[in-house]
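All residue numbers refer to positions in the sequence shown, counting from 1.
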Amino acid sequence: MPDSSLSARTSRAVAEAVSGLPRQFWWLWTSTLINKLGAFVVTFLALYLTTDRGYSASYAGLVASLFGLGSAIAAVVAGVLADRIGRRPTLVAAQLGTALFTALLGFSDGQVTIAVVAFLVGFCNNATRPATSAIIADIVPAEDRVRAFALNYWAINIGFGLSAAVAGLIATHGYLTLFLLDALSTVVCAVVIFVRIPETRPEAPAAAPGGAGAPPAIGLGAVFQDGRFMAVVVLNLLLALVAQQGSTTLAVDMGRAGITSTQYGLVIGLNGLLIVVLQIPLTRWMEGRDRTALLVASALLIGWGFGLTALAGSSAWFYASTVAVWTLGEILNAPTMMGLVAELSPAEARGRYQGVYSLSWSLASFLGPAAGGVLLERAGSGVMWGACAVLGMAAAGGYVLLGRRPGAALAKPVDLAAAPAPRAERAVEPDRAAAG
């Protein structure tokens, strides 16, 4: 009887978590899952360069940083394009470009060529983020957005967990297959978006009665002048610098400790597995909780989770335990932060706001691997992972201060539920929309 009751409660929780969301969202969710099931290259790039190609940790960090530089440029460019030409064309073009350059990266030889192609992969890969986030904010009602972002993050990590574990086994027979499978999954994702997702960009605001004219458009400069929003972006940058080490410096450190590519795949795959198992129940637990407290807890878990890596030695089990700690921080942070960003973003400028928020992750992708590689090579593992713990505590302190300030982002979030609903939220006609 207890088992039956537990099963019933679990089924009810899952049903409540996935119910009531638009059909377009589930097509986007499916495309994300397909893409991430084949997302091998970013996770294994540092390990590929150091163990298979024989390059130094510094060069691997440089390549990862160029990947991040491309991501940083794309975050702003793609955010503007998503608002100007539309979410769907921006997303499809970015995915096709990602597929092309990922395949080319598998055939590239020479340090300069690899570095240039990695930059292009980073540019196209991150150009998908602002458009994807804007689509979710467009089609999902304000009260359901945190849940929708959590489910999208769940799809990312279902794919990531499975792909990381399988990729470690595939890599023992050659890395080229990883690059080609990654490219193929991205093409399939682009096809799903093109066929099943309508354009969701809101219509331009109409002129006010009496001939006052339409409200002025929100430009990119106005986003950077939004103090509440930029404070959130800067704090996220600190955490992103730490989180970025999971796919770059951590791989190099584990390789130096004698951890095999198969073990690394299983350890890093634990991140995705835990998110798959825990994201829905923890998201339900987070409902109604204090946003500042959740972000503070997430920052400490992420910072100290990576900080504990300094004690791992050559134990794959210890590395796995540290991954479990910072994964809990990710689970708390991702939907909370994405919901906050959506609330702070005016409907007509969601692409730009999501692009600038994505810029914090992209800058971390640019700065984090290079800094991590240099620290690991010149100062050692202890200093490297200790710095992660310090950054996590700094971010937590920033959230505390921001939450205490009257009118600040965490103390007084923007209520988008009261804002005019964009076109995609008003037109609840999924069959016709899907055909568009």
Side-chain angles (χ1 to χ4, degrees), residues 61 64-65 68-69 71-72 75 224 226-250 253 271 286 289-312 322-341 344 356-413:
S65 292
L69 177 61
S71 298
F224 285 104
D226 186 337
R228 295 183 302 174
F229 176 73
M230 290 308 300
V232 172
V233 170
V234 170
L235 291 177
N236 189 71
L237 173 62
L238 296 181
L239 275 189
L241 287 169
V242 177
Q244 182 60 35
Q245 308 307 318
S247 59
T248 54
T249 313
L250 180 61
D253 190 41
N271 170 254
M286 288 160 56
R289 306 279 176 177
D290 181 76
R291 178 179 277 163
T292 301
L294 290 173
L295 291 175
V296 169
S298 71
L300 293 176
L301 286 168
I302 291 171
W304 280 99
F306 278 97
L308 288 171
T309 307
L311 307 176
T322 66
V323 170
V325 174
W326 54 260
T327 296
L328 289 175
E330 279 192 43
I331 293 172
L332 296 179
N333 183 270
T336 306
M337 183 62 73
M338 291 302 295
L340 174 61
V341 171
L344 292 174
V356 173
Y357 170 70
S358 181
L359 180 62
S360 64
W361 286 101
S362 303
L363 287 175
S365 298
F366 173 51
L367 300 172
V374 170
L375 277 177
L376 184 64
E377 197 165 86
R378 299 186 179 180
S381 178
V383 173
M384 167 61 222
W385 302 118
C388 289
V390 171
L391 286 177
M393 289 189 293
Y399 287 132
V400 170
L401 294 176
L402 190 58
R404 289 178 176 176
R405 290 175 54 191
L410 301 188
K412 189 179 179 181

Quick one: side-chain hydrogen bond (donor to acceptor under 3.5 Å, both in side chains) partners of [X], sequence neighbours excluded?
| X | result |
| --- | --- |
| Ser298 | Asn333 |
| Asp253 | Tyr319, Trp385 |
| Thr309 | none |
| Ser360 | Asn236 |

*Any side-chain heavy-atom pair from Val242 and Trp326 closer than 4.5 angstrom?*
no

_Side-chain heavy-atom pair Val383, Arg378 within 4.5 angstrom cut-off_ = no

For the student: nearest non-hydrogen atoms of [X] and [Y], plus distance:
| X | Y | value |
| --- | --- | --- |
| Ala395 | Leu239 | CB-CG, 3.9 Å |
| Ala389 | Gly307 | CB-CA, 4.2 Å |
| Trp361 | Ala240 | CE3-CB, 3.4 Å |
| Ala231 | Leu402 | CB-CD1, 4.0 Å |
| Met384 | Leu375 | SD-CB, 4.0 Å |
| Thr336 | Leu294 | OG1-CD1, 4.1 Å |

*With distance as the sole test, does Gln245 use its side chain to make a donor-acceptor pair with the main-chain N or O of Leu241 at under 3.5 Å?*
yes

*Under the side-chain contact (heavy atoms from CB on, under 4.5 Å) criterion, do Thr249 and Gln244 qualify, and how do the steps go?*
CA-CA 8 Å; Thr249 313; Gln244 182 60 35; over 6 Å; no

*Any chance you could lay out the side-chain contact (heavy atoms from CB on, under 4.5 Å) test for Val325 and Phe306, step after step, and finish with the verdict?*
CA-CA 8 Å; Val325 174; Phe306 278 97; over 6 Å; no

Interatomic distance, [X] atom [atom1] to [Y] atom [atom2] [nearest 0.5 angstrom]:
| X | Y | atom1 | atom2 | value |
| --- | --- | --- | --- | --- |
| Leu367 | Leu69 | CG | CG | 9.5 Å |
| Ile331 | Leu301 | CD1 | CG | 10.0 Å |
| Leu340 | Leu295 | CG | CG | 7.0 Å |

_Sequence-distant partners of Leu359, side chain to side chain contact (heavy atoms under 4.5 Å, CB included), two or more places apart_ = Ala72, Ala75, Val76, Phe224, Leu363

*Partners of Ala396 by side chain to side chain contact (heavy atoms under 4.5 Å, CB included), sequence neighbours excluded?*
Val296, Ala299, Leu300

_Could you go through Leu344 and Asp226, starting from their C-alpha distance and side-chain angles, then the distance that decides it, and tell me whether this counts as side-chain contact (heavy atoms from CB on, under 4.5 Å)?_
CA-CA 9 Å; Leu344 292 174; Asp226 186 337; 5.6 Å; no

